[in-house]
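No hydrogens, no waters, no symmetry mates; every other heavy atom, side chains included, goes into these values.
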Amino acid sequence: MRPEPILDVAQLAHVEILTPKPDETLWFFKELLGLEETAREGQSAYLRAYEDFYHHTLKVTESKEPGLGHVAWRTRSQQALDRRVKAIEATGLGKGWSENDLGQGAAYQFATPDGHNMELLWEVEYYKAPDHMKTPLLNRPQKRPTRGVPVRRLDHVNLMAGDLETSSDFMQEKLGFNLRERIQQNDGKNIADWMSVSPLVHEVAMMQDQLGGRGRLHHICYWYGFPQHISDISEILNEHDVKIEAGPGKHGVSQAYFLYVIEPGGNRVELFGDPGYLIFDPDWEPVVWKEEDLEKGIIWYGSQLPDDFFQYGTPNIKAPVVTK
């Protein structure tokens, strides 16, 4: 019999990325991807896509090197937040409460076993469009932007882990994430997991860090919903010398139509051209891709991913980490 599911975490709320080139990074997200800036404070800017309902889904913070600031998850209620805080405190990975960030209430901060900074929150500020940005489409929070090829919403985050299995187990056992798909070597070692708390195939993916790093960011992803927009943005990216790392193409894992780019600050960004597929089955059995399946699992069609795709993350490390 399956254990009773933990239904306390509702969704990915926002991601903070770090960048040594804040002006260039903001130009990329605002002018090319069409994100709206809702606020600035200190060394950080807060942005959202035009179908994101919250104050922000992306926080861009100036730093000496690129990487992950933190990942924020919204719970289903204050009571759900309190339950998850208690569970995390029991692991010794909790860092305590923060009440100082824009667009949200109190957030409980913690780290995964691999060192990825995260927080849980319940109270959020909803975006309210000024009059000139209001739309008669009442189920959309603002007019569709007329600049760039605008993305619609934040989709997921992909994290690199030196110890994938421990961090993946933590997400499932302490936060209630469902394992949806997995890549497993023939010797039984897991090298990548896709997990979600919603019908999406994943709000978080974790992959084994081949260089032995800890707490690194592989990519964040925004969703277009229209496959042709991947071709449109590819034209624009090329004309503005923004590096396209891979794609357009389609993964077998998640069935996602993808494009991977490196934003000017050095972080990898994935752009989704369609939603892949959705999972409504409460008794879903994870899809396990073995070595003999990977040719179609990694690339269903399109060009192959470069070797750097499996090693480059932020902050960047040049060689395998040597542990004693």
Checklist entry - How far apart are the C-alpha atoms of Leu32 and Arg147, what are their side-chain angles, what is the distance that settles it, and do they pass the side chain to side chain contact (heavy atoms under 4.5 Å, CB included) test? => result CA-CA 7 Å; Leu32 301 190; Arg147 67 185 184 282; over 6 Å; no
Checklist outcome for this item: d(Ser44 OG, Glu62 CD) to nearest 0.5 Å is 9.5 Å
Next on the checklist: Donor-acceptor pair, distance only, cut-off 3.5 Å: does the side chain of Thr314 make one with the backbone of Asn316?
Outcome noted: no
Checklist entry - How close do Met160 and Asp209 get, heavy atom to heavy atom, and via which atoms? => result CB-OD2, 3.8 Å
Next on the checklist: So that I can tick it off, tell me whether Asp163 and Arg214 are bridged by a salt bridge, with the cut-off set at under 4.0 angstrom between side-chain N and carboxylate O.
Outcome noted: no
Checklist entry - Does the ring centre of Phe28 sit less than 6.0 Å away from the ring centre of His240? => result no
Checklist entry - Do Asn190 side-chain atoms and Ala192 backbone N/O form a donor-acceptor pair below 3.5 Å? => result no
Checklist entry - Under 6.0 Å between the ring centres of His14 and His55? => result no
Item to check | Nearest atoms (heavy-atom pairs only) where Ile6 meets Gln172 | outcome: CD1-O, 4.4 Å
Next on the checklist: side chain to side chain contact (heavy atoms under 4.5 Å, CB included), that's the test. Do Arg48 and Phe53 meet it? Break it down for me.
Outcome noted: CA-CA 8 Å; Arg48 45 173 293 284; Phe53 284 86; over 6 Å; no
Next on the checklist: Under a 3.5 Å threshold, yes or no: a donor from one side chain and an acceptor from the other, between Asn178 and Ser196?
Outcome noted: no
Checklist entry - With a cut-off of under 6.0 Å to the ring centre and 45° to the axis, is Arg74 in cation-pi contact with Trp122? => result yes
Item to check | Contact summary for Ser167 and Pro113, nearest pair of heavy atoms | outcome: OG-CD, 3.9 Å
Checklist entry - NZ of Lys174 to CG of Asp8: how many Å apart, nearest 0.5 Å? => result 13.0 Å
Checklist outcome for this item: Closest heavy-atom pair, Ile230 versus Gly273, reported as atoms and distance to 0.1 Å, is CG1-CA, 3.7 Å
Item to check | Ion pair Asp23/Lys21, N-O distance below 4.0 Å | outcome: no
Next on the checklist: Ring centres under 6.0 Å, that's the criterion: do His251 and Tyr260 meet it?
Outcome noted: yes
Checklist entry - Are more than 12 heavy atoms from other residues, nucleotides or ligands located less than 6.0 Å from atom CD of Glu292? => result yes
Checklist entry - Checking Arg180 against Trp194: charged group under 6.0 Å from the ring centre and within 45 degrees of the axis? => result no
Next on the checklist: Around atom CD of Glu295, are there more than 12 heavy atoms from other residues, nucleotides or ligands closer than 6.0 Å?
Outcome noted: no
Item to check | Cationic N near anionic O, under 4.0 Å, Lys143 to Glu36 | outcome: no
Checklist entry - What distance separates Gln184 CD from Asp293 CG, expressed to the nearest 0.5 Å? => result 11.0 Å
Item to check | Within 45° cone of Phe309 ring axis and under 6.0 Å: Arg268 NZ or CZ | outcome: yes
Checklist outcome for this item: Output for pair (Leu159 CG, Ile220 CD1), nearest 0.5 Å, gives 11.5 Å
Checklist outcome for this item: The single option from Tyr46, Tyr126, Tyr127 that satisfies ring-ring contact (aromatic ring centres under 6.0 Å, His included) with Tyr54 is Tyr126
Checklist outcome for this item: Closest non-hydrogen atoms of Phe110 and Leu120, given as atom of the first, atom of the second and distance, are CE2-CG, 3.7 Å
Checklist entry - Is it true that a side-chain atom of Glu99 and a backbone atom of Gly105 form a donor plus acceptor pair closer than 3.5 Å? => result no
Next on the checklist: Can you confirm whether the side chains of Ser254 and Glu181 place a donor and an acceptor under 3.5 Å from each other?
Outcome noted: no
Checklist entry - Between His116 and His70, is the ring centre distance below 6.0 Å? => result no
Checklist entry - Tyr312 and His218: ring-ring contact (aromatic ring centres under 6.0 Å, His included), yes or no, with the steps? => result CA-CA 7 Å; Tyr312 179 80; His218 191 266; 8.5 Å; no
Checklist entry - Quick one: NZ on Lys134 to NZ on Lys128, what's the gap to the nearest 0.5 Å? => result 9.5 Å
Next on the checklist: Determine whether a donor-acceptor pair (N or O, by modelled atom type, separation under 3.5 Å) exists between the side chain of Asp52 and the backbone of Ala49.
Outcome noted: yes
Item to check | Between Thr57 and Tyr222, a side-chain donor and acceptor under 3.5 Å | outcome: yes
Checklist entry - Which atoms form the tightest heavy-atom contact between Leu121 and Glu119, and what is the distance? => result CD2-OE2, 3.7 Å
Checklist entry - Atom CD1 in Ile262, atom CG in Asp308: separation rounded to 0.5 Å? => result 8.0 Å
Checklist entry - side chain to side chain contact (heavy atoms under 4.5 Å, CB included) between Leu58 and Leu154: does it pass, once the steps are laid out? => result CA-CA 8 Å; Leu58 180 65; Leu154 177 65; over 6 Å; no
Checklist entry - Can you name the one residue among Met207, Met206, Lys189 that meets side chain to side chain contact (heavy atoms under 4.5 Å, CB included) with Leu164? => result Met206
Next on the checklist: Let's go through His219 and His156 carefully: what are the C-alpha distance in whole Å and the side-chain angles of both, what is the deciding distance for side chain to side chain contact (heavy atoms under 4.5 Å, CB included) to 0.1 Å, and is it a yes or a no?
Outcome noted: CA-CA 9 Å; His219 67 260; His156 68 263; 3.1 Å; yes
Checklist entry - Does Phe177 have its ring centroid less than 6.0 Å away from the ring centroid of Trp73? => result yes
Item to check | Check ion pair Arg140-Glu51 (N to O, under 4.0 angstrom) | outcome: yes
Checklist entry - Take atom CH2 in Trp27; do more than 12 heavy atoms of anything else shown fall under 6.0 Å from it? => result yes
